[in-house]
2 protein chains.
Amino acid sequence: MASKTTYKNKAGNLSMDVKTLCLGVLYQGEASGYEIKKAFEEGPFSHFQDASFGSIYPALGRLSSEGLVDCTQMAQEKRPDKKVYKLTSKGNNALITSILVPPAPDKFTSDFFFVLYFAELLPVAQVTLLIDQRIAFYKNILERMSECDITSVTAGRQLCHGLGLTVYQSSLEYLQKHRDSFLQKLPSQNITSTTSNRHAS
Amino acid sequence: MASKTTYKNKAGNLSMDVKTLCLGVLYQGEASGYEIKKAFEEGPFSHFQDASFGSIYPALGRLSSEGLVDCTQMAQEKRPDKKVYKLTSKGNNALITSILVPPAPDKFTSDFFFVLYFAELLPVAQVTLLIDQRIAFYKNILERMSECDITSVTAGRQLCHGLGLTVYQSSLEYLQKHRDSFLQKLPSQNITSTTSNRHAS
DNA sequence: AGGGACATGTAATTAGTTACATGATTGT
DNA sequence: ACAATCATGTAACTAATTACATGTCCCT
């Protein structure tokens with residue numbers, strides 16, 4: 001049972017692969033590969049999952065040959081043809097099976113945090129820019145998220161949305177609150193490069 | 001100029017690789033490969049970066065041959081020998097150069113969120129467990145983080161710590177606040193598998 | 001006698017990204 | 001004329017993970 005190699009994470013669980021991700025998007029309604037990509041870029045999945053064309057199209061091909069999705073070629077006016085994929089009941093069950101296993105731990109990788117960690121090594125102007133861009137980023141995301149209507153979506157989706165909002169909102173507030181005092185704490189005479197031997201106080 | 005292939009992200013920036021990550025850990029003080037691993041597992045980097053032995057050891061080897069770190073073999077009593085790596089001034093500059101480029105966007109991948117998104121497909125007991133484990137996870141991490149003393153560390157590190165605390169704290173509060181009402185909103189008669197055709201309201 | 005922490009390293013395998021290839025239509 | 005959006009797909013490439021290999025000491 002269980003498909004061929006089936007990847008295991010540290011906890012021994014199966015990881016969500018692009019195939020499962022596509023099933024999830026398709027559970028919400030039929031879509032083309034291009035539209036699935038958009039769900040990961042701008043849609044509600046964009047905050048916690050990602051996939052590129054190079055992985056989506058082969059995944060849809062495999063799902064199709066496994067009978068988990070149906071594919072319909074659609075001719076469009078003034079647009080290229082598209083292949084619309086639809087979840088089959090077998091695909092529906094496959095999605096349920098996938099989310100039934102305990103989820104793998106979150107993976108968060110942030111170069112922003114890494115750079116911020118070593119802020120004392122950078123010119124103050126650069127750190128200021130870094131933080132201001134991050135503040136702008138949070139503001140932008142919060143604006144877009146509060147615009148979308150979640151009154152008629154599932155409870156799970158609402159909770160995800162609310163959790164996301166909370167995280168972004170509190171991050172924004174924290175940064176805004178500590179920005180000035182943080183920048184003042186940084187050495188005004190930053191070492192941008194070359195010789196530097198002032199490790200101790 | 002610029003090392004051989006140099007990877008580029010969507011924004012055209014160079015990504016932090018394991019080599020740079022090691023330089024960052026080593027900036028804080030000399031360490032062995034094993035100790036660097038621990039920094040990503042339990043240390044302050046554990047919240048936003050990760051690396052495994054299979055990438056750390058080869059990275060240290062390359063850093064050594066490039067003159068960015070010095071390696072000293074250390075014999076230990078009742079412990080295997082260890083190789084202690086130390087940042088050279090060339091390595092110090094390499095770290096600065098790396099953090100000078102605009103950081104790549106964060107990558108957050110969460111199977112928890114994905115599963116939560118489809119909570120209506122799961123038995124209520126399973127969703128309850130999922131949320132309670134997540135609450136326990138946040139509590140645990142918050143406890144460990146508040147234990148550690150950050151009074152004598154750099155401003156950047158303090159800000160990272162504070163931002164992390166805020167995110168975990170607000171996530172915990174949100175989940176605790178909405179847990180009960182969310183679980184009540186779920187259909188008590190969950191579909192665990194097989195036939196199910198109630199897509200519309 | 002078995003598991004866990006300490007300690008270093010290599011090899012196989014992987015899923016995924018980036019870049020390429022192609023082409024119509026619409027807006028600037 | 002050029003970039004952007006729509007649309008699908010393949011090939012090359014990569015960094016990194018997992019699993020393997022080896023060994024000591026300590027605790028239960």
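A quick note: this is a predicted structure, and the numbers were derived from the prediction, not measured. Quick note on labels: first sequence line is chain A, next is B, and so on, each numbered from 1.
A salt bridge (charged side-chain N to carboxylate O under 4.0 Å, His left out) check over residues 141-165 of chain A, counting only residues at least two apart or in different chains, returns nothing.
What separates CE of B:Met16 from C1' of D:dA15 is a distance of 16 Å, to the nearest Å. Counting to the nearest Å, the P atom of D:dT14 and the NZ atom of B:Lys19 are 14 Å from each other. When the P atom of C:dT17 is taken as reference, atom NZ of A:Lys37 falls 9 Å away, rounded to whole Å. Between A:Leu60 atom CG and D:dT10 atom P the separation is 12 Å, expressed in whole Å. Between the CG atom of B:Asp81 and the P atom of D:dT22 there is a distance of 19 Å, given to the nearest Å.
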Show me the donor-acceptor pairs, under 3.5 Å and distance only, between side chains in residues 127-137 of chain B and residues at least two apart or in other chains.
{"residue": "B:Thr128", "atom": "OG1", "partner": "B:Val124", "partner atom": "O", "Å": "2.7"}
{"residue": "B:Asp132", "atom": "OD1", "partner": "B:Arg179", "partner atom": "NH1", "Å": "2.5"}
{"residue": "B:Asp132", "atom": "OD2", "partner": "B:Arg179", "partner atom": "NH1", "Å": "2.8"}
{"residue": "B:Arg134", "atom": "NH1", "partner": "A:Asp106", "partner atom": "OD2", "Å": "3.1"}
{"residue": "B:Arg134", "atom": "NH1", "partner": "B:Tyr138", "partner atom": "OH", "Å": "2.8"}
{"residue": "B:Arg134", "atom": "NH2", "partner": "A:Asp106", "partner atom": "OD1", "Å": "2.9"}
{"residue": "B:Arg134", "atom": "NH2", "partner": "A:Asp106", "partner atom": "OD2", "Å": "2.7"}

Protein-nucleotides 9-12 of chain C N/O pairs under 3.5 Å:
{"residue": "C:dG9", "atom": "OP1", "partner": "B:Lys83", "partner atom": "NZ", "Å": "2.2"}

Enumerate the protein-to-nucleotides 23-27 of chain C contacts in which both atoms are nitrogen or oxygen and the separation is below 3.5 Å.
none

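Applying the ring pair (Phe, Tyr, Trp, His ring centres under 6.0 Å) criterion to A:His47, with sequence neighbours excluded, gives A:Tyr168. Residues satisfying the side chain to side chain donor-acceptor pair (under 3.5 Å) criterion with A:Thr88, sequence neighbours excluded, are absent altogether. Under the rule for a ring pair (Phe, Tyr, Trp, His ring centres under 6.0 Å), the partners of B:His178 that lie at least two apart in sequence or sit in another chain are B:Tyr174. In this structure, the salt bridge (Lys or Arg N to Asp or Glu O under 4.0 Å) partners of A:Lys82, at least two apart in sequence or on a different chain, are A:Glu35. Residues passing the side chain to side chain donor-acceptor pair (under 3.5 Å) test with B:Ser170, sequence neighbours excluded: A:Ser170. Here A:Phe182 pairs with nothing under the ring pair (Phe, Tyr, Trp, His ring centres under 6.0 Å) rule; sequence neighbours left out. With sequence neighbours excluded, no residue forms a ring pair (Phe, Tyr, Trp, His ring centres under 6.0 Å) with A:Phe112.
For the side chain to side chain donor-acceptor pair (under 3.5 Å) with A:Tyr117, the qualifying choice from B:Gln28, B:Gln158, B:His161 is B:Gln28, the only one to do so.
End-to-end axis angle for the helix from C:dA1-D:dT28 to C:dT28-D:dA1, using five pairs per end and rounding to 10°, comes out at 40°.
You'll find that the side chain of A:Tyr34 is closest to D:dC6, out of C:dG16, D:dC6, C:dA7.
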